[in-house]
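Just so it is clear, the structure is predicted and the values come from calculations on it, not from any experiment. Lettering follows sequence order; numbering is per chain, from 1.
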There are 4 protein chains.
Amino acid sequence: MDYQSLLNDIYNEIQPELKRGKVADYIPALAQVPQEQFAMTVTLENGDIYSVGESQKKFSIQSISKVFTFTLALHLYSKSLYQRVGVEPSGNPFNSLVQLEYENGIPRNPFINAGALVTTDSLVSYYGDEYKTLETVLNFVRDISDNQEVTFDPEVAKSEMEHGDRNLSLAHLMKSFGNFENDIESTVMTYFKHCAITMNTEELSRAMLFLAFGGSDPLSGKVFATPSQAKRINAVMLTCGHYDASGEFAFHVGLPAKSGVGGGIVATVPGKMSIAVWSPALNKYGNSHAGTLALELFTSKTGVSIF
Amino acid sequence: MDYQSLLNDIYNEIQPELKRGKVADYIPALAQVPQEQFAMTVTLENGDIYSVGESQKKFSIQSISKVFTFTLALHLYSKSLYQRVGVEPSGNPFNSLVQLEYENGIPRNPFINAGALVTTDSLVSYYGDEYKTLETVLNFVRDISDNQEVTFDPEVAKSEMEHGDRNLSLAHLMKSFGNFENDIESTVMTYFKHCAITMNTEELSRAMLFLAFGGSDPLSGKVFATPSQAKRINAVMLTCGHYDASGEFAFHVGLPAKSGVGGGIVATVPGKMSIAVWSPALNKYGNSHAGTLALELFTSKTGVSIF
Amino acid sequence: MDYQSLLNDIYNEIQPELKRGKVADYIPALAQVPQEQFAMTVTLENGDIYSVGESQKKFSIQSISKVFTFTLALHLYSKSLYQRVGVEPSGNPFNSLVQLEYENGIPRNPFINAGALVTTDSLVSYYGDEYKTLETVLNFVRDISDNQEVTFDPEVAKSEMEHGDRNLSLAHLMKSFGNFENDIESTVMTYFKHCAITMNTEELSRAMLFLAFGGSDPLSGKVFATPSQAKRINAVMLTCGHYDASGEFAFHVGLPAKSGVGGGIVATVPGKMSIAVWSPALNKYGNSHAGTLALELFTSKTGVSIF
Amino acid sequence: MDYQSLLNDIYNEIQPELKRGKVADYIPALAQVPQEQFAMTVTLENGDIYSVGESQKKFSIQSISKVFTFTLALHLYSKSLYQRVGVEPSGNPFNSLVQLEYENGIPRNPFINAGALVTTDSLVSYYGDEYKTLETVLNFVRDISDNQEVTFDPEVAKSEMEHGDRNLSLAHLMKSFGNFENDIESTVMTYFKHCAITMNTEELSRAMLFLAFGGSDPLSGKVFATPSQAKRINAVMLTCGHYDASGEFAFHVGLPAKSGVGGGIVATVPGKMSIAVWSPALNKYGNSHAGTLALELFTSKTGVSIF
């Protein structure tokens with residue numbers, strides 16, 4: 001298949017959609033990103049890379065980082081992690097306290113904010129302090145993306161913290177149920193820092209390759225997760241990767257994927273390839289509007305789907 | 001792969017689990033089914049069938065029938081169906097009125113009771129009365145299972161109706177929101193009748209084959225859904241097929257599947273095969289305890305998974 | 001105190017408010033009532049009656065009838081009634097299924113729809129059938145209002161039933177929890193019939209006199225409730241009498257009272273008098289807009305209040 | 001009426017009940033209070049005081065302090081206070097985040113924790129810092145109780161803060177909705193300090209006298225609230241004073257009252273007297289078990305009630 005032509009076609013078809021949706025504006029650092037931008041990259045098992053648009057432009061990966069921290073925590077804690085966070089779709093907006101309260105402080109899954117906070121907290125408990133935790137997360141992302149330059153934007157993290165009351169509320173609520181172990185402020189700050197990692201679609205697509213191939217990077221041969229863990233991370237991406245539009249996404253796109261409010265979406269086609277797409281304007285569910293459509297076009301045109 | 005040996009191994013491994021779980025007892029007709037029974041059937045593209053256990057024994061397919069009515073309704077109404085029922089996991093127990101009330105009478109997906117009632121209601125609107133609707137559903141199931149003998153158990157349907165207040169409550173609530181079009185009592189009765197269809201695992205596995213192969217039965221060549229519809233039905237089975245344990249099921253088994261309180265579960269391995277399993281004792285989520293474990297063993301041993 | 005002058009003053013002050021609010025329009029029989037009408041009647045212990053406005057004009061008492069059926073049921077069942085219905089404010093809109101589901105089919109109080117349905121159901125169980133029940137309710141209202149002509153409007157009851165799906169949904173839900181004993185359709189119809197009783201403010205004010213005087217009618221000497229029951233009915237009116245604006249009403253008016261969507265409100269000043277007011281346009285909580293303001297004016301001007 | 005004999009009778013009748021219920025144990029300082037203690041004091045308009053039991057023994061007034069901060073804030077802000085906190089019963093457990101989230105960070109009433117936190121926050125905004133706020137609250141309580149020795153227990157406040165995650169969660173959630181103005185940690189600490197005020201039933205009964213007499217202390221002649229404000233504070237005590245058992249309390253006791261987890265309850269009989277009762281063991285709703293029963297006995301035996 002001529003992936004370059006395919007991406008070019010998608011790029012052209014998607015242009016009118018770039019005007020639609022709305023860039024995240026809850027913090028200034030995200031609000032100032034120009035709306036009409038788009039990038040998409042596909043990485044194959046043999047390392048071939050196909051890109052279109054601004055695939056070199058870095059953006060805030062935000063919730064996509066939750067895939068990486070979940071992978072790390074699953075690797076460290078294995079099944080015991082599930083005592084602290086579930087794997088069930090939430091059926092509610094992504095930062096809801098309601099469900100957390102009804103379910104005694106155990107978040108539904110690692111991709112809603114509460115679940116990602118508890119995941120980060122589990123890493124801080126393991127690594128002993130927030131500095132080692134952040135360094136480990138950064139090094140992990142550098143390893144899977146085969147790029148030692150990856151880092152985060154401290155301005156974005158600081159800005160998040162200034163508007164971080166809802167996440168602080170979630171953390172205190174979980175602590176009141178005994179499901180938060182470390183200092184709340186520094187742990188939440190660590191969470192905001194890994195959400196503030198900046199990458200482009202080429203780096204993100206490369207970083208997801210191991211999850212498309214059973215946990216092992218087919219290029220470097222490094223093992224980042226067991227086949228069973230990789231399968232399960234893909235399953236959680238499919239059922240929970242797009243907040244309360246996860247069902248819609250599975251229905252229309254049919255790939256395990258995870259979105260972030262920075263406008264990025266990463267996806268895997270297990271056994272075949274990994275994909276990253278970026279366009280900063282979001283639909284009403286908080287997922288990239290053009291990015292979602294581009295992935296739907298990709299699966300329609302190629303027929304690739306897990307179903 | 002030697003599927004027969006594999007099924008035999010699963011059969012042996014699953015024996016100790018047959019004592020666990022609890023047979024559905026909300027109606028007498030289901031409560032009297034002996035607990036320690038098990039059957040599993042795999043059907044391949046070429047028509048090869050592998051079975052183990054009581055694969056000839058018929059049981060009440062219950063919610064599995066929702067896959068068939070959803071397929072029919074999607075075929076008739078296409079995208080306009082989504083105005084009446086969504087495709088999002090509910091995150092709540094399967095017959096919850098809470099979410100239905102908050103979301104103005106639009107059920108989250110076609111596999112929770114409210115969604116299946118509205119799907120049946122849409123069929124009654126299309127076919128004009130409940131008799132033609134039931135006949136159409138029965139004929140559809142006969143066609144996809146290539147077995148003209150398939151029918152339902154009127155005693156089970158009658159018994160369901162006698163304990164049907166919660167479903168009647170759901171239907172009246174949807175009607176109060178303008179999302180129910182036909183006579184409530186006869187439509188709910190039609191729903192109970194198609195839930196009371198009795199089949200064995202060989203018939204059910206055969207009936208699901210078209211969904212594993214893009215909507216077309218690879219043996220008869222008949223087209224029951226478009227490739228896009230088949231993909232979407234599989235997606236909804238994956239995200240919503242097991243009530244509020246759908247995430248767990250995707251996580252552990254990794255296949256599109258649908259369970260029923262009669263103890264049956266059907267699953268597809270897209271492009272490869274269809275599977276049916278039956279064991280009447282249910283886990284706390286209302287899904288077959290041994291059936292779920294048998295499917296998890298199957299995907300672990302074969303490595304088949306969509307992820 | 002010169003009550004007639006006081007009522008005349010209120011009548012004049014309230015005129016500009018009669019244009020505000022909105023007449024109930026969920027059934028045609030209520031929707032066609034002209035908006036700008038107002039009546040108010042005060043009845044004293046010695047039988048003196050003071051009225052202003054259209055105090056002879058009959059209107060649909062609707063939920064005010066719940067005070068009368070609750071009085072009857074409390075008299076028949078005493079404390080055992082509380083096993084089927086509570087006395088706690090609901091904190092939710094008046095016909096919410098959510099709370100009913102979370103609380104296993106036991107309605108919060110007898111003045112929300114679910115609670116009134118269960119109260120009517122308890123009367124049908126006691127009197128054996130719906131005809132005797134309706135006759136008993138009518139005779140009770142005739143006795144307390146000392147007016148044998150009181151009856152209901154069958155057109156209104158029929159119209160309610162045609163739009164009664166939400167109440168039918170509530171009744172079926174309670175039945176699924178074992179908290180509904182009689183035939184749903186005929187019991188709900190009986191409920192709609194007693195809600196369709198028509199009275200004017202003079203009759204209603206007279207009917208409430210016994211509740212202002214410890215359960216005994218100070219004019220006829222007849223005992224309709226024990227002092228303890230009268231006190232408790234007043235308490236429930238105060239905490240639950242105005243749906244989810246009961247706190248606001250207690251805060252601003254400070255009297256036990258019950259409103260109906262027909263625009264009527266009845267109130268007691270324990271030990272002193274009973275009051276009825278009517279103006280058909282409702283505020284956003286479903287309580288008479290001008291009626292609420294008139295009662296607030298009355299308590300401000302007279303200084304009467306229970307607090 | 002011979003109040004002393006009456007209190008003696010209640011004291012004797014209540015003895016067997018002192019073994020029932022459970023002392024609050026969420027912080028050590030409260031958990032160590034011996035269970036079988038009881039005190040009750042009645043204060044009349046002329047200053048006559050009747051007491052029984054350990055009426056000199058100080059206890060932690062906890063949520064009773066919310067009446068005092070609400071009175072202060074209502075006096076300072078008048079109606080504009082209602083933009084930040086409602087006057088409606090919550091119908092939910094007293095520290096629920098669910099309702100707060102659904103209702104955009106506006107607490108239902110000033111007596112649930114969220115509402116009391118926002119009330120304290122409004123005082124901090126007015127007085128400029130937490131020290132002046134605490135001093136003002138203490139001086140107010142000293143004035144209304146005519147006792148300049150009243151203070152708080154810093155150990156209890158510190159212990160509350162160590163277990164204060166749920167309140168911190170509430171405060172952060174309100175801040176995320178823009179309904180919290182000051183530094184969260186120091187404001188919550190100020191809240192815990194005024195909850196940690198220690199008083200005995202004689203002091204508390206005295207402190208409530210102004211609320212029984214239209215806002216003016218009948219002994220000192222000092223005006224602490226307008227008649228309208230006093231009426232409204234009594235109304236909120238009646239509808240919201242006992243968490244989600246407020247309806248039950250109104251139903252059984254029939255007096256405006258406010259309880260605290262330290263086992264105290266204060267009540268007013270408007271125009272007649274103020275009452276304080278204390279017994280540390282709580283019923284399942286978090287209200288003093290013996291204290292509630294003692295007040296029910298008091299209203300039954302005297303016939304006083306607002307209804």
Side-chain angles (χ1 to χ4, degrees), chain A residues 74 79 82 85-93 96 98-99 102-103 108-112 211-215 227-256 268-271 285 296 299-300 303-307, chain B residues 74 79 82 85-93 96 98-99 102-103 108-112 211-215 227-256 268-271 285 296 299-300 303-307:
Chain A
L74 194 58
K79 289 187 183 174
Y82 311 140
V85 57
V87 293
E88 210 56 55
S90 70
N92 273 319
S96 172
V98 173
Q99 205 164 51
Y102 277 127
E103 299 180 1
R108 272 287 171 109
N109 66 65
F111 294 162
I112 52 174
L211 279 175
F213 291 95
S228 166
Q229 287 169 346
K231 167 183 160 183
R232 284 160 194 219
I233 295 164
N234 279 313
V236 181
M237 284 201 287
L238 191 94
T239 55
C240 315
H242 287 72
Y243 312 126
D244 52 340
S246 297
E248 288 272 349
F249 192 90
F251 191 76
H252 289 295
V253 176
L255 294 179
T268 61
V269 187
Y285 297 108
E296 192 173 351
T299 55
S300 297
V304 304
S305 162
I306 58 173
F307 298 113
Chain B
L74 194 58
K79 290 186 182 175
Y82 311 140
V85 59
V87 292
E88 211 53 57
S90 70
N92 273 319
S96 173
V98 173
Q99 205 163 51
Y102 277 127
E103 299 180 1
R108 271 288 170 108
N109 66 64
F111 293 162
I112 53 173
L211 279 175
F213 291 94
S228 166
Q229 288 169 345
K231 166 184 161 182
R232 285 160 192 219
I233 295 163
N234 279 312
V236 181
M237 285 200 288
L238 192 95
T239 54
C240 314
H242 287 71
Y243 312 127
D244 52 339
S246 297
E248 288 272 349
F249 192 91
F251 190 76
H252 290 294
V253 176
L255 293 179
T268 60
V269 187
Y285 297 109
E296 192 174 351
T299 55
S300 297
V304 305
S305 163
I306 59 173
F307 298 115

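Here CG of Leu255(B) is found 10.0 Å from CZ of Phe307(A). Values are rounded to the nearest 0.5 Å.
With hydrogens and angles ignored, the 3.5 Å screen pairs no side-chain donor or acceptor of Glu248(B) with any backbone N or O of Val87(A).
For chain A, the nearby part of Tyr82(B) is the side chain; its heavy atoms alone come within less than 4.5 Å. Proximity to chain A is limited to the side chain of Ser305(B), based on heavy atoms less than 4.5 angstrom apart.
Ranked by heavy-atom pairs shorter than 4.5 Å toward chain A, the options Gly247(B), Ser228(B), Ala212(B) are led by Gly247(B). Considering only heavy-atom pairs separated by less than 4.5 Å from chain A, the leading option among Pro256(B), Ser246(B), Gly254(B) is Ser246(B). Taking Ala245(A), Ala250(A), Cys240(A) one by one and counting their heavy-atom pairs under 4.5 Å with chain B, the maximum is reached by Ala245(A).
The two residues His252(A) and Arg232(B) come nearest to each other via the heavy atoms ND1-NH1, 3.5 Å.
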